[in-house]
Structure formats: C-alpha cells, structure tokens
Amino acid sequence: MSNENLFSALRAAFPEQLDDIAIEAASPRGEALHYTWRDIDRASARIANMLASLNLPEGSRVAVQVEKSVEAMLLYLATLRAGYVFLPLNTAYQSAEIEYFIGNAEPAVVVCTPGNFGWVSKIAFTSGTQHVFTLGEDRDGSLLERAAHFGDEHKAAQRRADDLAAILYTSGTTGRSKGAMLSHGNLLSNAAMLKDYWGWKKGDVLIHALPIFHVHGLFVAIHGALINGSKMIWMSRFDPKAVIAAMPRATVFMGVPTLYVRMLAEPSLTREQARNMRLFIAGSAPLLIETFREWQDRTGSTILERYGMSETIMLTSNPYSADERYGNQDERRGGTVGFPLPEVGLRVVDDAGKELPTGEIGNIQVRGPNVFKGYWRMPEKTREEFSSDGWFKTGDVGEVDERGYVSIVGRSKDLIISGGYNVYPAEIEGYVNEMPGVAESALVGVPHPDFGEVGVAVVIPKPGARVDGDAVIAGLKSQLANFKIPKRCFVATELPRNTMGKVQKNLLRDQYKGLFA
Ligand code: MCA
Ligand code: AMP
C-alpha cells in the first residue's frame with residue numbers, strides 16, 4: 001500500500017542536491033541561519049523519532065503555541081511524519097482561550113514557549129495532557145534538547161489520505177470555537193493543485209513573512225515552497241522594509257492585504273526593486289481595489305487574489321496566466337477572487353438552498369477533495385454546516401459572473417476580518433456582557449486603512465449604572481488575544497433593533513464607518 005502521509009509527498013519533492021540551501025533565516029540576534037534540505041530532513045526525523053518514542057495513541061493531537069521559527073515549522077513536519085495531528089495556536093491567545101482549546105482537543109502533547117511554560121503546563125496537566133515541552137525562538141527549549149538524543153532517520157508513518165493531519169480552530173458565530181479537521185488528502189490535494197495553478201517553477205524562491213498558525217502561512221505558503229523544492233527566505237515577523245529588501249533575491253510572496261498596504265507606504269517599493277518577483281498573492285481578507293491598482297502602478301505587477309477558509313484550504317484563485325484548462329481566462333481581476341480551483345465545486349444558492357443563476361448574489365457553497373472532514377467532536381455543528389446534498393456552507397455571500405469569476409460581496413456569518421485575523425463579535429460581546437454594569441453590547445466591523453476592518457464596540461449600561469468605554473477595552477485586554485480587542489468602545493442608551501427585536505448591526509456600521517477614514 002502506498003503511503004499517503006503528506007510528509008512523504010513533501011519529502012519526495014526535495015531537490016536531489018540535499019546540501020543546497022532550503023531556508024535562509026535569521027536568529028533573534030540577527031545572525032544569518034542557513035538550513036539545507038538535508039538539515040530539514042534530519043531535524044524533522046529527530047523530532048518525529050522523539051514523538052514516536054512517547055508511544056502516543058493513534059490520532060493523538062500535538063498542540064503548539066510558540067513563536068514563529070524554522071524549528072516550529074520542523075515540529076509541524078515531524079508531527080505529520082510521525083503520523084500525529086498538528087494543532088497550531090495563535091501566539092496572541094491568552095489563558096482562557098488556551099484553556100478552551102486544550103480542554104476541547106485533549107492533546108497528548110503540548111509545546112509552548114519557555115516563558116509561558118508555567119501557566120500553559122498547568123492548564124495542560126489539569127486537562128490530562130501527559131507531555132509538555134518548550135520551544136523558544138532561538139532553537140532553545142526542552143523539545144529540541146530531548147530530540148537531540150534521537151536518530152536522524154525516520155520512515156514516515158503509514159497514513160491514508162483520509163487520516164487526520166491537522167485541526168485548525170475557527171471561531172463560530174455562536175458558541176465556542178470549532179476545530180476543523182483536515183486530512184492528509186485534503187492538504188496534499190490542495191498543495192498539488194496550487195503548484196500547478198500558480199505555475200511554480202524550478203528556481204522559485206518564496207519570501208515567507210506570515211504567521212504559521214493559520215492556513216495561509218502554515219499550509220499555502222509552506223506546502224507551496226516544499227512541494228516545489230523551492231527555497232524560502234524566512235522572516236519571523238513581517239517587516240515591510242525587510243520584505244522589499246529581499247525581493248531581488250526572491251520570486252514569490254504571499255500576504256494578507258494589510259501587508260500590501262504597509263509595503264505601499266514604503267518609498268523603497270519600486271518597479272526596479274520588484275523586478276525579479278514572478279508572483280504576488282493576496283488572500284485571507286478582501287483586497288481593496290485601490291490597493292490592487294496602486295500595487296500595479298508602483299511595481300508593474302498584478303496581485304493574484306485568491307479565497308479560502310480553514311475548513312477548505314484554498315477554494316478559488318485568479319488565473320496565473322492564460323490557460324485554456326482554466327477556462328481560457330487571462331487576467332487577474334481586482335475585486336474578484338478568480339475561478340474555482342480545478343476539482344473544487346462552487347455554487348451560489350438562495351436562503352432556501354436553491355441554486356441561483358449566473359450574476360445573482362447568494363450564499364456560496366463548495367465541495368471538493370480539499371473540503372474538511374467535519375468539526376472535532378461536534379457532529380451536530382458539522383451537519384448544520386453542510387447542505388443535505390453534501391455541499392459545505394461557507395457563510396460567505398457572493399456571485400459568479402458570466403465569465404466565471406467569483407466575487408465575495410459580504411458574509412452571512414457575523415464576522416470581522418481584521419488584518420487577516422478573524423474576530424467573531426459573539427465571542428467579544430459575551431465577555432463585555434459579563435462586565436459589571438453592562439446590560440448588553442454589540443461589536444461591529446468598520447473600515448480601517450491599515451487592518452482593512454476593525455472592531456468597534458457599543459455598550460449599553462444597566463439602568464443607573466455607569467460604564468466607561470476605556471475601562472471595557474482595558475478589561476478585555478486582560479482576557480483576550482490582542483487582535484480581538486475593539487479599537488474603540490462607545491457607551492449608548494440603546495441598540496437599534498428591527499421589529500423582530502434583532503440588533504441592526506448595519507445601522508451601527510453605518511454610524512461608525514467614518515471613524516478611521
Ligand atoms: C496586530 N494588531 C491588530 C492586528 N494585529 N489589531 C487588529 N487586527 C490585527 N490583525 C494590534 C495589536 O493588538 C497591537 O495593539 C498592535 O496592533 C501591535 O501589535 P503587533 O503584534 O506588533 O502587530 P503587527 O506585528 O504589526 O501585526 C500586524 C500584522 C498581523 C502583521 C498584519 O496581524 C499579521 O501577521 N496578520 C496576518 C494574519 C494571517 O496570517 N491570517 C491568515 C489567516 P495594542 O498595542 O493596542 O495591543 S488564514 C485565512 O484566513 C484563510 C484560510 C485564508 O484564506 O488564508
Ligand atoms: P478563516 O476562518 O480564518 O478560515 O477565514 C475564512 C474567511 O476569510 C472566509 O470565509 C472569507 O470570509 C475570508 N476570506 C478569505 N480570503 C478572502 C478573500 N480573498 N476575499 C474576501 N474574503 C476572504
């Protein structure tokens with residue numbers, strides 16, 4: 001039986017010259033670090049051997065909340081290689097958030113930063129996790145110390161395409177976050193599709209400047225480079241000047257719209273500087289048409305926008321080049337997310353689930369080999385999010401034009417996307433409503449020049465109570481990841497409601513839309 005472990009496919013794509021440089025990175029002190037393909041193979045083997053030595057039950061989760069480093073990526077590869085399930089966690093999450101994820105996923109192994117070991121290990125051990133390791137930004141911590149005692153060869157664990165490879169938590173409109181279960185087959189089919197669709201070539205070099213705890217940085221970018229045997233210029237955090245400076249040595253860049261906006265603010269971004277770049281890809285949030293055009297003017301390059309989700313990885317993409325296989329379309333159109341990828345089915349339906357004709361706006365549903373297996377331990381939620389004939393309901397609202405281009409025009413889910421991170425108003429409102437003196441609250445997204453959209457809270461005090469907006473923000477900061485904190489908080493006497501009693505968030509959005517203009 002062939003091994004359908006995703007790691008095996010990525011490993012098979014390593015170049016023959018294993019001593020070539022695979023990753024250029026820098027230590028926290030700024031020293032240059034180079035990793036060859038052999039280094040990646042050996043170091044991930046050591047960690048995989050170490051994980052295997054723990055005799056974990058089949059399907060065990062390895063939950064990881066660490067700063068971005070090449071070693072953090074090696075831990076991801078090692079988890080795949082050993083056949084366990086990778087569960088990445090945003091470094092901004094605080095204790096209440098981590099407590100929920102660990103309690104829900106029941107990981108057998110937790111890896112955290114050395115600085116967080118005290119509180120994270122307490123949560124993990126209380127939830128029954130047996131093994132807690134640390135991994136620092138500078139190749140320090142107990143994970144690598146332990147792995148150093150193990151051999152540097154490892155045969156990837158036998159896995160079928162349907163076996164679980166990763167769980168990605170994505171918040172819900174109501175209730176708590178749900179863990180989207182992605183299989184080796186989901187991830188590999190998407191990576192293989194994109195290698196072809198985006199015309200990856202020998203000699204491509206990717207600038208990797210995204211966080212590695214979400215689909216964009218972890219899967220789309222890392223798989224994209226590895227499955228093409230391409231070198232990565234690895235940046236542990238996004239710095240617009242550093243990315244622009246690296247462009248002459250690279251060919252591909254991926255970013256959320258905020259990264260493009262920030263680079264456009266740099267005078268060093270010129271046509272000459274971007275000359276070597278073959279492809280700029282944007283996604284995770286809507287790219288403003290102004291940004292798309294300004295980028296074209298400044299660099300001579302047309303950003304390729306694509307659309308995806310944690311539950312599905314990539315769904316649609318603007319074309320790389322004219323190709324009849326992809327519908328004979330030849331242009332990357334700003335304001336659209338392009339065509340459904342090969343093998344991805346996409347339809348637009350009305351609220352009753354009836355398919356709508358071309359050009360009509362409705363709910364986007366999808367299916368394909370990339371669509372996840374369901375939400376971790378939430379069969380009910382999983383059923384709700386699929387149509388009776390098996391299509392996944394994205395919660396995005398859009399249309400498909402006569403040439404087949406998909407545009408996202410809104411969302412049926414109450415979601416704010418801020419700088420590429422998702423913020424679910426229901427979660428934040430829940431915390432605000434618990435605060436002393438608060439009767440109720442509403443969080444809405446308003447346009448923001450840097451983050452695209454940011455949250456603004458409106459709070460209604462209980463009769464006779466006094467509530468201070470700044471105190472609400474300060475109270476949230478101690479409990480929630482920083483990107484979820486509303487940028488402003490207003491106190492009002494009532495929330496606008498329709499005749500059904502539902503809060504009219506559109507009116508609030510309208511009222512505050514000019515706040516950051
Ligand atoms: C940071 N801050 C934010 C955000 N990031 N506020 C709102 N939204 C944000 N995204 C705030 C912090 O709370 C802090 O505020 C201040 O900005 C500085 O924080 P710092 O961490 O220094 O910010 P930064 O380093 O400048 O980060 C901005 C960033 C980052 C580089 C744009 O947010 C980022 O890397 N975003 C990419 C997210 C991503 O990879 N998404 C992909 C999801 P204070 O000082 O008040 O505390 S994958 C996905 O969506 C799908 C599947 C897809 O299609 O790809
Ligand atoms: P996540 O829950 O992080 O997986 O976010 C997925 C959501 O991000 C999608 O359902 C869309 O609402 C949004 N998204 C991703 N890419 C784009 C894009 N190019 N344009 C508009 N929205 C996008």
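Sequence positions, counted from 1, serve as the residue numbers for this chain. Ligands are counted one by one from 1 in listed order, and the atoms in each one are counted from 1 as well.
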Which atoms of ligand 2 sit under 4.0 Å from any heavy atom of [X]?
X    : value
T170 : 2 (O)
S284 : 8 (O), 13 (C), 14 (N), 15 (C), 16 (N), 17 (C), 23 (C)
I417 : 8 (O), 12 (O), 13 (C)

Should the pair Y260 and F280 be assigned to parallel (<30°), tilted (30 to 60°) or perpendicular (>60°) ring geometry?
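Perpendicular, since the angle between the ring planes exceeds 60°.
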Note: heavy atom closest to atom 20 (N) of ligand 2, options K413, E305, R411, belongs to E305
Going by the closest heavy atom to atom 31 (C) of ligand 1, which one wins out of N482, I485, L259, T258?
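Closest candidate by heavy-atom distance is L259.
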Contact between ligand 1 and G217 is defined here as a heavy atom of the residue under 4.0 Å from a ligand atom; is it met?
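No heavy atom of G217 comes that close to ligand 1.
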Could you check whether Y169 and F213 have their ring centres less than 6.0 Å apart?
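No, the ring of F213 stays outside the 6.0 Å limit from the ring of Y169, centre to centre.
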Looking only at the aromatic ring of each residue, does the gap between the centers of F451 and F483 stay below 6.0 angstrom?
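No, the ring centres sit 6.0 Å or more apart.
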Counting only heavy atoms on the protein side, is anything nearer than 4.0 Å to atom 18 (C) of ligand 1?
no
Crowding at CZ, R293 (>12 non-hydrogen neighbours, <6.0 Å):
no
Any side-chain donor-acceptor pair under 3.5 Å between Y375 and E311?
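A pair is found: one side chain offers a donor N or O, the other an acceptor, under 3.5 Å apart.
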Contact between ligand 2 and G395 is defined here as a heavy atom of the residue under 4.0 Å from a ligand atom; is it met?
no
Which residue and atom name correspond to the protein heavy atom nearest atom 24 (P) of ligand 1, and how close is it?
R262 NH1, 3.9 Å
